[in-house]
Amino acid sequence: MADLETRPLQTIPGPAFNEDSPQPISTTRTCADDQDLEDGPLFRATIKQLENKTSALKASTKRILKTAVASVEAQQALMDADTNFLDALRDIPSATPPLTEYMDRTWAILYEQRLRLQQSMRDIILDPLQKRYDYEIKTAEYKRRRFEEASKDYYSYLAKYLSIKPETLSKDKKRTEREQKHIARQSAFDLIRFDYYNFLVDLHGGKKEQEMLFNLVRNQQEESSFYQFISSGVIPHKEALDNVATLMEEAAREQDTFYKERSEKRRTMLTRHNQHVKDMLKTEYIKEQAQLKRTSLRTSANVSDVEENPISTDPGLPEPSQSAGSAENRFKGIHDLENQDRNMLWACGRRKEGVLFSTSKPSKGTAFEKGSNVTWHKYWCVLSGGQLHEYSNWKRHVESHIDPIPLRYATVRQACNADRQFCFEIITPYFRRMYQAISQEEMMSWMATIRNAIESLLNGTGSSVNLIKDHLIKEEETNNDQSPKKGHSRSLSKAIRRGLAERSRWSGFSFTSNSNGSAGHGHIAKNSGAVGQYEFSPSPDATVNTKLLTTLREDRSNVLCADCGERNPEWCSLNLGILLCIECSGIHRSLGTHISKVRSLTLDSASYTPDIVELLRSIGNARSNAVWDPKRCLTTNDDDCLTTDEVDELRRPVPGDTRDFKLKYIQQKYVEKAFVYHTHKDLNTLLFDAIDNDDIPAALYAVALGIDLNRSWPFTSARSSSSDEDGSQNSRNSQDSIPLPTIVLSSGNNLCATNTTGRDKIDDPTVRYPLHYALLYGRRTLPSVMTDRNRLFPMAEFLLQNGADAGIIDPETGNTLASIVGLGSIVEDDAIAYLNLKNAARGQPQIFRASMPIIPSHSFIDATYK
Ligand SMILES: [Zn+2]
């Protein structure tokens, strides 16, 4: 059955085709029935019209091809140019964030899609069009010529054929031959005409026209999908780009602040300079006037009394210095010098550095060589560890100029008979050396600091910031003869490096509000405060560091890094009270000191006063994490019900994680405070209760919740308002009635015996700031910690490290910390000793009991004044 059905299908086309082919020449006209193709005026007009269309098509196609090629080439050029632009951008380091965050990710997509679009333009538009132009439009020209030739041939043949006389065609055979020939010619011409006509019709419209339209639509579809691809490839990265933009905005704002501060500083400097110039001109004018008056007095004898009077009242006659702006700073006598000295002793510690001028060598004799052959050079001088070091060429590299001058048996005095100003000399048993300071103030400051250093050498008191070191070693003052030069140079370069790092950080984007409140003390305080805790400490001692580490690791949580869990962390954050591994410490440092103050436990041993050690012991990694990230413990193991993405989102860093992962976590934890457990408790109450209970982790919690440590306790409310049980008494003990906030961490650590006698002292209405309050409570020192004091002040230390301002003035009472401390019995001697230790490190004045003037702005102050 199947065979029967399939067979006819195969055979049917065969005979049909074979029947047509053996008779190409028909005896009758083939196209006579087709009126349109008759070679008449209509046909010729149609052909003409079509030919005109063809030449128009030729011109337009040529133009389309030319412009399309130009467009493709321009696109290629654009892509090349963009690639070059991107490569050029890579050379600029500041362009990295947008490159890595956005362009590197989107550029590949964009490039690929552009390439695809370009290819489709070639495939769909350009190539078919070119083919059409080459094979069809040009062929039309050829076909037209062929048709015209054929037409000419045919009609000349026809004329010849028709001119033959009928009688010549007598023979039948001959006549038939001619006739057959005629029909063949005629049909050949018909065929040519037919082909040419149809060729032209096809060229314009019909299938070809549709093909062109079809390609155009396809190309537009490609282009539309190009934009779709681009947007779906680019949109996911927009967030990263927006983040970069936000960061840029923040950076710009910070930079603005920096420029504003700088221009403010410049304005101050300019005002000072203008004042100096004005003073100078005024002095010169007065001098000139006096000179004029004197000569006029001498020359003319008949000057009236009236004219003389102004001279006698003129204050600045022979004394230009009196009217000069710096008159009060001028050296006036030995009494003045002593007064200034006392002030200087407060302001200066025992170390100082700065520029001094001197001759190249100290003089051996007792008299200083005067004369013009002496050349003065500029040296960077560092007074530290009881020695004065000189460095030359310090602008390029540090180079010790002469052996350090030991000050133990030296004296310092002003060089009154020097032929230069601001000179002082250091006289040792072996030689004397004259120095020139750059100003009177600098000279006084140097002399005071040197005197201070000499005094401490003679009294046997070492550097105040090295207390713990001194006591742990239980040795005398470090012997300066133990290769001091080497150790010193090393620590100097370290200091310079640190200083440079500090400076570059400050010139970039950084917070400026974390200064230690010593702004009023100018560069002296800044010198000893900013880097004072680091440099010029004698070479690190293994015993001290091991002991410090051992002490801190009594808290077992301190054996692992607080943020990533790395073993044996050797760095710490002073204000957060945690131990960190080296990588996390670097991340902490990058956050800025207003977030974390990073120190090395093995290298920066000078930073660790007993109060700081006590502070570190009071917090530690476990308690800190309970504040900053209470959920940390939960998410490490119990993650069965979580997807891997969720675990990645929630999990905390481990030692092997990338720096980026750790950075993100640490920023979330300490900067964004994202994991801190929130409470509805009043933050002030929380903090004052923490101080009351000597509970530093609870104070840390208040800090984590964003308390302002420089906000005072409300004067009349809260502490005295809810005293219902006490009847009408205005007792401030009513604070007990405020419930303690329930915190997620275990408050009230029992590391040390806490002082419980402080509670009644809050009665004093002058004590309104957290730091002041904290100073009322000392913590008894452990027998293992050797210090001069019976009490340590880790809570006060904690507040200071976290931005409490020691110089704050109570706007309501006018009291300062110094005035409260100095008042009498409120604060113990140990607190004063502690404060003075801090003040010495910062180059601020020392505080003495009842030594400060009190501003009696409120009557109750009288009651506390003793
Ligand atoms: Zn770590």
Side-chain angles (χ1 to χ4, degrees), residues 90 92-105 236-237 239-248 250-251 254 494 497-498 500-502 504-506 508-511 549 557-604 620-622 624-625 627-629 631-633 635-636 639 644-676 704:
R90 284 183 207 288
I92 315 166
S94 61
T96 310
L99 273 172
T100 54
E101 294 298 316
Y102 183 73
M103 287 156 93
D104 280 347
R105 298 173 188 181
H237 301 293
E239 199 182 335
L241 190 67
D242 290 345
N243 286 343
V244 173
T246 315
L247 284 176
M248 296 282 145
E250 277 169 19
E254 279 177 29
K494 186 175 145 197
R497 253 184 286 130
R498 197 172 277 278
L500 281 175
E502 192 82 0
S504 62
R505 194 175 65 73
W506 275 64
F509 320 125
S510 159
F511 281 74
L549 275 174
S557 72
N558 286 348
V559 176
L560 302 176
C561 169
D563 290 333
C564 76
E566 179 80 84
R567 286 200 164 272
N568 299 327
E570 292 194 334
W571 295 75
C572 84
S573 168
L574 293 185
N575 57 320
L576 299 172
I578 49 173
L579 268 65
L580 298 164
C581 73
I582 186 159
E583 188 170 29
C584 292
S585 80
I587 296 170
H588 272 250
R589 198 175 291 111
S590 73
L591 301 178
T593 53
H594 61 291
I595 301 290
S596 185
K597 295 188 170 94
V598 179
R599 298 282 186 277
S600 164
L601 288 166
T602 55
L603 303 172
D604 297 328
N621 292 354
S624 167
N625 278 334
V627 168
W628 292 103
D629 188 2
K631 282 187 186 159
R632 186 185 173 101
C633 324
T635 52
T636 45
D639 48 14
T644 44
D645 280 351
E646 283 172 328
V647 169
D648 258 354
E649 186 68 28
L650 289 171
R651 97 184 161 82
R652 279 31 175 170
V654 291
D657 278 325
T658 61
R659 189 182 187 276
D660 280 351
F661 189 78
K662 293 180 185 174
L663 173 70
K664 195 181 153 203
Y665 169 71
I666 290 172
Q667 271 177 334
Q668 282 183 319
K669 188 174 175 181
Y670 300 108
V671 182
E672 295 161 26
K673 300 171 178 173
F675 314 123
V676 178

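The shown structure was predicted, so the numbers you read here are calculated from the model rather than taken from an experiment.
Scanning for salt bridge (Lys or Arg N to Asp or Glu O under 4.0 Å) contacts around Glu101 gives Arg105, with sequence neighbours left out. Contacts of Glu583 classified as side-chain hydrogen bond (donor to acceptor under 3.5 Å, both in side chains), with partners at least two apart in sequence or in another chain: Lys662. Partners of Ala622 by side-chain contact (heavy atoms from CB on, under 4.5 Å), not counting sequence neighbours, listed by chain and number: Ser557. Annotation: side-chain hydrogen bond (donor to acceptor under 3.5 Å, both in side chains) contacts of Asp104 (sequence neighbours excluded): Arg90. Residues passing the side-chain hydrogen bond (donor to acceptor under 3.5 Å, both in side chains) test with Ser624, sequence neighbours excluded: none. Partners of Thr96 by side-chain hydrogen bond (donor to acceptor under 3.5 Å, both in side chains), not counting sequence neighbours: none found. Residues passing the ring pair (Phe, Tyr, Trp, His ring centres under 6.0 Å) test with Tyr102, sequence neighbours excluded: none.
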Pair up each side-chain donor or acceptor in residues 240-248 with any protein partner under 3.5 Å, not counting sequence neighbours, and list the distances.
| residue | atom | partner | partner atom | Å |
| --- | --- | --- | --- | --- |
| Asp242 | OD2 | Lys238 | NZ | 2.8 |
| Thr246 | OG1 | Asp242 | O | 2.7 |

Would you list the atom pairs, donor with acceptor, under 3.5 Å between side chains in residues 572-581 and any protein atom, with sequence neighbours excluded?
| residue | atom | partner | partner atom | Å |
| --- | --- | --- | --- | --- |
| Ser573 | OG | Asn575 | OD1 | 3.0 |
| Ser573 | OG | Leu576 | N | 3.4 |
| Ser573 | OG | Ser596 | OG | 2.8 |
| Asn575 | OD1 | Lys597 | N | 2.8 |
| Asn575 | ND2 | Ile595 | O | 2.9 |
| Asn575 | ND2 | Asn802 | OD1 | 3.4 |

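Contact record, Phe675 with Gln668: CZ-OE1, 3.6 Å, taken as the closest heavy-atom pair. Gly565 and Leu560 get closest at one heavy-atom pair: O-CD2, 3.5 Å. Here the closest non-hydrogen pair linking Asp563 and Cys584 is CB-SG, 4.0 Å. Here the shortest heavy-atom pairing between Cys561 and Asn621 reads C-ND2, 3.9 Å.
Donor-acceptor pairing under 3.5 Å is recorded for the side chains of Tyr665 and Asp629.
For the pair Lys669 and Asn625, the minimum side-chain heavy-atom distance is below 4.5 Å. Residues Cys564 and Asp657 form no side-chain contact, since every pair of their non-hydrogen atoms from C-beta on lies 4.5 Å or further apart. Counting only heavy atoms from C-beta outward, the side chains of Val676 and Trp628 approach each other to under 4.5 Å. Residues Ile582 and Glu570 fail the side-chain proximity criterion, which asks for heavy atoms closer than 4.5 Å.
Here Lys664 contributes atom NZ and Thr658 contributes atom OG1; the two are 10.0 Å apart, rounded to the nearest 0.5 Å. Rounding to the nearest 0.5 Å gives a distance of 10.5 Å between NE2 of His588 and CD of Gln667. Asn568 contributes atom CG, which lies 11.5 Å from atom CG of Leu601 (distance to the nearest 0.5 angstrom).
Within 6.0 Å of CD on Glu250 lie more than 12 heavy atoms contributed by other residues, nucleotides or ligands.
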